[in-house]
K.L.:
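There's a structure below that I have some questions on.
Sequence lines set the chain letters: A, B, ... in the order given, protein chains first and strands last, and positions in each chain run from 1.
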Protein chains: 2
Amino acid sequence: MRAIAARRDLIREGESPHFVYLLLDGWACRYKTLADGRRQIVSFLLPGDIFDAGFLLLGKIDHGIAAITPIRVGGIGRDDFEALLEACPKIAKALWRGERIAASIQREWTLNVGQRTAFERLSHLLVETFLRLESVGLTNGQSCDWPPTQADLADATGLTAVHVNRMLQELRRSGLIALNGRALTIPDMAALKQAALFSAAYLHLAPRPGRTGEGA
Amino acid sequence: MRAIAARRDLIREGESPHFVYLLLDGWACRYKTLADGRRQIVSFLLPGDIFDAGFLLLGKIDHGIAAITPIRVGGIGRDDFEALLEACPKIAKALWRGERIAASIQREWTLNVGQRTAFERLSHLLVETFLRLESVGLTNGQSCDWPPTQADLADATGLTAVHVNRMLQELRRSGLIALNGRALTIPDMAALKQAALFSAAYLHLAPRPGRTGEGA
DNA sequence: CGGAGCTTTGAATGTATTCAAACGCCGTGG
DNA sequence: CCACGGCGTTTGAATACATTCAAAGCTCCG
């Protein structure tokens with residue numbers, strides 16, 4: 001069990017991975033950087049997500065994991081983890097499934113930054129993240145807590161913070177979202193999905209917005 | 001065992017996955033499309049690659065797999081595959097590792113389309129693909145077969161075919177590549193890696209003795 | 001020889017970036 | 001209590017990178 005302050009790294013690029021983590025509380029992100037400092041957030045990690053950084057691959061890891069809010073994580077060491085996998089194949093299978101869902105989301109992100117316009121891109125990120133939060137019971141009707149800064153959204157969408165700001169204004173003006181401080185509201189999810197060219201299949205969420213434990 | 005002609009789909013979006021495939025011969029790609037037809041290639045599949053389309057996830061699949069050249073694939077059905085995994089945990093582990101490497105590459109693609117300029121992006125795609133070909137013995141010194149069209153490269157990099165064309169010309173002019181018909185030559189891999197801001201860690205290739213220019 | 005598919009070229013346009021500065025909010029310290 | 005500073009957001013103008021549209025050229029194959 002570990003606690004990390006907001007804006008600090010849980011894992012830095014270049015370290016060797018020794019743990020698999022469960023995110024208990026807070027938001028984090030996986031990111032990659034280029035030599036000159038350009039940074040891409042490649043996924044958001046939300047409460048309930050299980051993640052690691054190239055655990056089975058050994059070698060140096062190629063990306064970092066940073067806390068967006070203060071977070072608490074539970075960690076399990078490599079040997080214990082391996083033992084667990086062997087002792088309980090059902091867990092192994094569930095973890096594998098979780099990773100495959102994460103991979104599916106990753107492909108969608110590639111599509112997102114590669115093909116969608118700035119407006120669609122942000123819309124899509126909002127929809128996806130809201131639905132993931134909803135699936136773990138962290139939404140409140142049409143609203144949820146929204147910790148990432150516009151700079152974070154810029155890194156996640158491949159845009160600049162300035163342009164993210166302008167697109168968010170447009171989203172507000174068109175009534176698709178309300179975003180006051182850290183409170184996000186999506187008054188008409190169907191409309192936002194349409195603006196985002198959103199198609200839910202890739203998320204592999206349980207059919208009902210009930211409780212699921214999936215992650216990674 | 002199945003053979004597919006160039007430019008045809010092996011799996012179409014919306015189908016249900018029933019097989020895991022091994023690509024025996026030729027190039028293929030995984031792609032996703034938006035409702036209005038915009039298309040993103042999310043990965044290239046090269047000989048030796050094992051792939052499927054959401055096999056363990058069930059449900060409808062969210063992407064297609066198309067042949068770039070004529071391909072031959074070996075397929076294994078769901079039940080046989082499950083039996084294999086249970087009978088031979090080492091194979092299961094190796095497959096899991098393979099998927100994790102694919103996921104790592106997918107994250108790099110997100111970085112690629114999100115942060116790199118058009119020139120860097122193409123350079124990176126060329127380096128990555130060449131190294132993957134090299135790792136399965138499909139290169140010939142500094143050269144390899146290069147089947148994808150400029151339209152394919154456009155779909156893979158999130159650029160237009162016109163702009164891909166201009167960037168390829170620039171790559172040729174600067175001496176970083178030679179590309180005549182289907183023959184690609186990279187005379188100075190280290191230089192191309194530098195232009196691409198390439199960093200090899202994410203590929204998790206087995207170290208090969210006698211290769212020039214590790215990483216960058 | 002003809003045609004289809006791919007590549008190349010040019011000019012005009014547009015989306016997103018860059019740079020710079022001001023604003024607002026909030027916690028801290030004087 | 002108010003001033004200060006930091007951080008995140010907002011604004012504007014100029015610029016740059018990539019797109020769009022249109023057409024011509026090339027190459028391979030039937």
K.L.:
Return the value, rounded to whole Å, for the distance between atom CZ of B:Arg182 and atom P of D:dC29.
P.N.:
10 Å

K.L.:
Over how many whole Å does the gap from B:Trp146 atom CH2 to C:dT7 atom P extend?
P.N.:
12 Å

K.L.:
Centres of the B:Trp109 and A:Trp109 rings: under 6.0 Å?
P.N.:
no

K.L.:
Between A:Ala118 and B:Arg7, which has a closest nucleotide on DNA chain C that is more 5'?
P.N.:
B:Arg7

K.L.:
Are side-chain N/O atoms of A:Asp9 and A:Tyr31 paired as donor and acceptor at under 3.5 Å?
P.N.:
yes

K.L.:
Quick one: does any side-chain atom of B:Thr185 pair with a main-chain N or O of B:Ser143 as donor and acceptor, under 3.5 Å?
P.N.:
no

K.L.:
Roughly, in whole Å, what's the span from CZ in A:Arg121 to P in C:dT15?
P.N.:
13 Å

K.L.:
If I take atom CD in residue A:Gln150 and atom C1' in nucleotide C:dC25, what distance separates them, rounded to the nearest angstrom?
P.N.:
14 Å

K.L.:
To the nearest 0.5 Å, how far apart are OG1 in A:Thr110 and CD in B:Glu108?
P.N.:
10.5 Å

K.L.:
Please list residues of residues 160-179 of chain B whose heavy atoms come under 4.0 Å from any atom in DNA chain D, ordered by number; otherwise none.
P.N.:
B:Thr160, B:Val162, B:His163, B:Arg166

K.L.:
Take atom CG of B:Leu159 and atom P of D:dT20, then tell me their distance rounded to the nearest Å.
P.N.:
11 Å

K.L.:
Taking CG from A:Leu122 and P from C:dT15, how many angstroms apart are they, rounded to a whole number?
P.N.:
16 Å

K.L.:
Are a donor atom and an acceptor atom from the side chains of B:Thr149 and B:Asp152 found within less than 3.5 Å of each other?
P.N.:
yes

K.L.:
If you measure only the distance, is there a donor-acceptor pair under 3.5 Å linking the side chains of A:Gln115 and B:Gln40?
P.N.:
yes

K.L.:
Expressed as a whole number of angstroms, how long is the span from A:Asn180:CG to D:dT10:C1'?
P.N.:
15 Å

